[in-house]
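A short worksheet on the structure shown next.
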Amino acid sequence: MPELPEVETVRQGLLKLVKGSTIIGVDVYWDRIISGEIHSEDFASQLIGNRIIDINRRGKYLLFNFSHWSMISHLRMEGKYEVSETNEPLKKHTHIVFHLSDGRDLRYLDVRKFGRMTLVPKGEEFTVAGLKTIGPEPISETFDLTFFKKILKQKSRAIKPLLLEQKVVAGLGNIYVDEALFEAEIHPLRPAHSLRPKEVEQLHQSIIDVLRKAVLAGGTTIRSYKHALGKVGNFQVELHVYGKTNEPCTNCGTPIKKIKVAQRGTHICTNCQKLTTKNSLPRS
DNA sequence: GGCAGTGTTACCTC
DNA sequence: AGAGGTAACACTGC
């Protein structure tokens, strides 16, 4: 569930449900979800008595602002939160349960157990690996075009894996990077420094547009899960290439092709997104 | 049975 | 040191 728009949708949903609630107990069923220095028993005992003051987001990371601690939470591939009455039986794949003082639970579920939570003292959020080197927020004015141009100019790496690194810009994953590259008509294997200034500008704008629209739509629902928080997105109806293998390109009608780029399934229109054209050869 | 999958990072090698 | 590629994490669904 987890690129920027989905995480933002979860954040907004969670905030409505649990802002101001106090944690009275924590059950950890799969300890490896908890990373960092503060672990299982400490993780639970330190959180008891903490109020959920606010929930923020940076890229694909959720930042829980508790009374005395911050918790960094990354959903990775399939992490989900849900809020249930404490007496409701636990669903399969429930790994962490935060008991709230009002008789409800905040529960974390994760089929693949890839997600991670890290408890850090307030103010130390950005010492967590992943947040230390994270790039600018694409849907705010911190995503500066001049900076974007400068970084791309000095990277020979293919543009898609570069954008997936989270360092040039935060929040893009496999779905939205394919969509943004399609919208900008750029082949995912183009070396970053081979992009013309016009193309970089277009890509910058496409990243912003795609993510903003997806946030407004509440994210993308790929596989239908029983309603866990945030799984109500509708952006899938606006996708152009992701998951559209063999369907006609909405721009030119050419069937969308699926290729492999940096081990990730990658969807392109071979007509609209050329790898080598006269316009895209590296400058001499 | 086999493989792909909304993500990150540890562990190589150059 | 920095860059880039690959495997690993763990499980489900097609």
Side-chain angles (χ1 to χ4, degrees), chain A residues 1-11 29-36 57-62 72-81 91-96 108-118 128-135 138 151-181 188-193 210-211 214-215 217-226 228-245 258-267:
Chain A
M1 99 163 315
E3 298 179 43
L4 186 152
E6 292 75 32
V7 178
E8 176 59 20
T9 305
V10 171
R11 185 191 74 80
Y29 297 102
W30 191 261
D31 192 44
R32 296 179 66 179
I33 303 277
I34 319 285
S35 71
R57 181 192 55 73
R58 188 72 172 81
K60 305 175 194 172
Y61 293 83
L62 286 169
I72 316 303
S73 170
H74 198 299
L75 275 17
R76 295 282 179 93
M77 298 288 265
E78 304 208 37
K80 296 178 235 333
Y81 282 99
K91 286 182 187 161
K92 208 176 168 185
H93 308 302
T94 300
H95 304 308
I96 318 272
Y108 179 75
L109 300 84
D110 191 337
V111 169
R112 291 170 74 177
K113 300 174 176 163
F114 282 1
R116 293 293 179 264
M117 293 177 195
T118 313
V128 172
L131 279 180
K132 250 187 289 198
T133 54
I134 197 162
I151 302 282
L152 294 205
K153 212 182 292 175
Q154 60 199 35
K155 299 283 182 182
S156 58
R157 198 169 194 198
I159 187 66
K160 172 163 173 173
L162 182 67
L163 292 177
L164 286 176
E165 270 184 4
Q166 310 300 306
K167 289 175 184 160
V168 182
V169 59
L172 285 173
N174 209 33
I175 297 177
Y176 299 110
V177 77
D178 278 6
E179 293 297 317
L181 287 168
L189 284 172
R190 292 269 304 280
H193 62 75
V210 165
L211 291 174
V215 168
T220 299
T221 306
I222 291 294
R223 305 216 287 267
S224 41
Y225 290 102
K226 303 272 164 70
L229 214 60
K231 289 303 284 186
V232 286
N234 268 320
F235 193 73
Q236 59 275 16
V237 303
E238 298 179 55
L239 294 175
H240 290 275
V241 284
Y242 186 86
K244 303 290 182 190
T245 311
K258 187 170 177 185
I259 61 173
K260 208 82 166 175
V261 175
Q263 342 176 61
R264 309 299 303 273
T266 298
H267 310 76

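So that the names make sense, note that chain A is the first sequence line, chain B the second, and so on, each numbered from 1. Basis for what follows: all heavy atoms, side chains included, without hydrogens, waters or symmetry-related copies. Small disclaimer: the values here were computed from a predicted structure and weren't measured.
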- prompt: Is B:dT6 paired to anything, Watson-Crick or G-U wobble with both distances less than 3.5 Å, and if yes, which nucleotide?
  reply: none
message: In whole Å, measure the gap between the P atoms of C:dA10 and B:dA10 for me.
response: 15 Å
query: Are A:Leu131 and A:Ile134 side-chain neighbours, meaning at least one heavy-atom pair lies under 4.5 Å?
result: yes
- prompt: Looking at A:Lys258, does any N or O in its side chain come under 4.0 Å of the phosphate oxygens OP1/OP2 on B:dG5?
  reply: yes
task: Decide yes or no for A:Glu238 and A:Thr220: does some side-chain heavy atom of the first lie under 4.5 Å from some side-chain heavy atom of the second?
output: no
- prompt: Between C:dG5 and A:Arg157, is there an OP1 or OP2 to side-chain N/O distance shorter than 4.0 Å?
  reply: yes
- request: Check whether any side-chain nitrogen or oxygen of A:Lys60 sits under 4.0 Å from OP1 or OP2 of B:dT8, and answer yes or no.
  value: yes
query: Between B:dC3 atom C1' and A:Arg264 atom CZ, what is the distance in whole Å?
result: 15 Å
query: Is the phosphate of C:dC9, meaning OP1 or OP2, less than 4.0 Å from a side-chain N or O of A:Arg112?
result: no
field: Length of the CG-P vector between A:Asn174 and B:dT6, whole Å
entry: 5 Å
- request: Between B:dA4 and C:dT6, how far apart are the P atoms? Round to whole Å, please.
  value: 14 Å
task: Please determine if a side-chain N or O atom of A:Ser35 lies less than 4.0 Å away from the OP1 or OP2 oxygen of B:dT9.
output: no
message: side-chain hydrogen bond (donor to acceptor under 3.5 Å, both in side chains), that's the test. Do A:His95 and A:Asp110 meet it? Break it down for me.
response: CA-CA 7 Å; A:His95 304 308; A:Asp110 191 337; 5.5 Å; no
field: Interatomic distance, A:His193 NE2 vs C:dA3 C1' [rounded to whole Å]
entry: 13 Å
field: Interatomic distance, A:Glu165 CD vs B:dT8 C1' [rounded to whole Å]
entry: 11 Å
query: A:Ser73 and A:Tyr108: side-chain donor and acceptor closer than 3.5 Å?
result: no
message: Counting the atoms with a prime plus P, OP1 and OP2 as sugar-phosphate, which does A:Gln263 contact under 4.0 Å by heavy atoms, base, sugar-phosphate, or nothing?
response: base
task: Just compare C:dG4, C:dT12, B:dG7 and give me whichever is closest to any side-chain atom of A:His74.
output: B:dG7
field: Distance in angstrom units between A:Leu4 CG and B:dG7 P, rounded
entry: 12 Å
- request: Grab the CZ-P distance between A:Arg116 and C:dC9 for me, whole Å please.
  value: 11 Å
- prompt: Counting just side-chain N and O atoms, does A:Lys260 come under 4.0 Å of either OP1 or OP2 of B:dG5?
  reply: yes
task: Return no unless some side-chain N or O of A:Gln166 is found under 4.0 Å from OP1 or OP2 of B:dG7.
output: no
query: Between A:Lys155 and C:dG4, does any side-chain N or O lie under 4.0 Å from OP1 or OP2?
result: no
- prompt: Taking atom P of C:dA3 as reference, at what distance in whole Å does atom CD1 of A:Ile151 sit?
  reply: 11 Å
task: Name the nucleic acid region contacted by A:Arg32, choosing base, sugar-phosphate or nothing; use a 4.0 angstrom heavy-atom cut-off, strictly under.
output: sugar-phosphate
- prompt: Base, sugar-phosphate, or nothing for A:Ala129, non-hydrogen atoms under 4.0 angstrom?
  reply: sugar-phosphate
- prompt: How close or far is atom P of C:dA10 from atom CG of A:Leu75, stated in whole angstroms?
  reply: 18 Å
message: Looking at A:His93, I'd like to know whether one of its side-chain N or O atoms comes within less than 4.0 Å of OP1 or OP2 on C:dT12.
response: yes
field: Listed nucleotide nearest any side-chain atom of A:Phe114, set B:dT8, B:dT6, C:dC9
entry: C:dC9
field: Any-strand Watson-Crick or G-U partner of B:dT13, both distances under 3.5 Å
entry: C:dA3
Pairwise P distance for B:dT8 and C:dT12, with rounding to whole Å: 22 Å
message: For a 4.5 angstrom cut-off between non-hydrogen side-chain atoms, does A:Val241 reach A:Glu179?
response: yes
query: Would you say the side chain of A:Asn174 lies within less than 4.5 Å of the side chain of A:Tyr242, judging by non-hydrogen atoms?
result: yes
- request: Check whether any side-chain heavy atom of A:Lys80 sits under 4.5 Å from a side-chain heavy atom of A:Val10, and report yes or no.
  value: no
message: Given B:dG7, B:dT6, C:dA10, identify the nucleotide with an atom nearest to the side chain of A:Lys113.
response: C:dA10
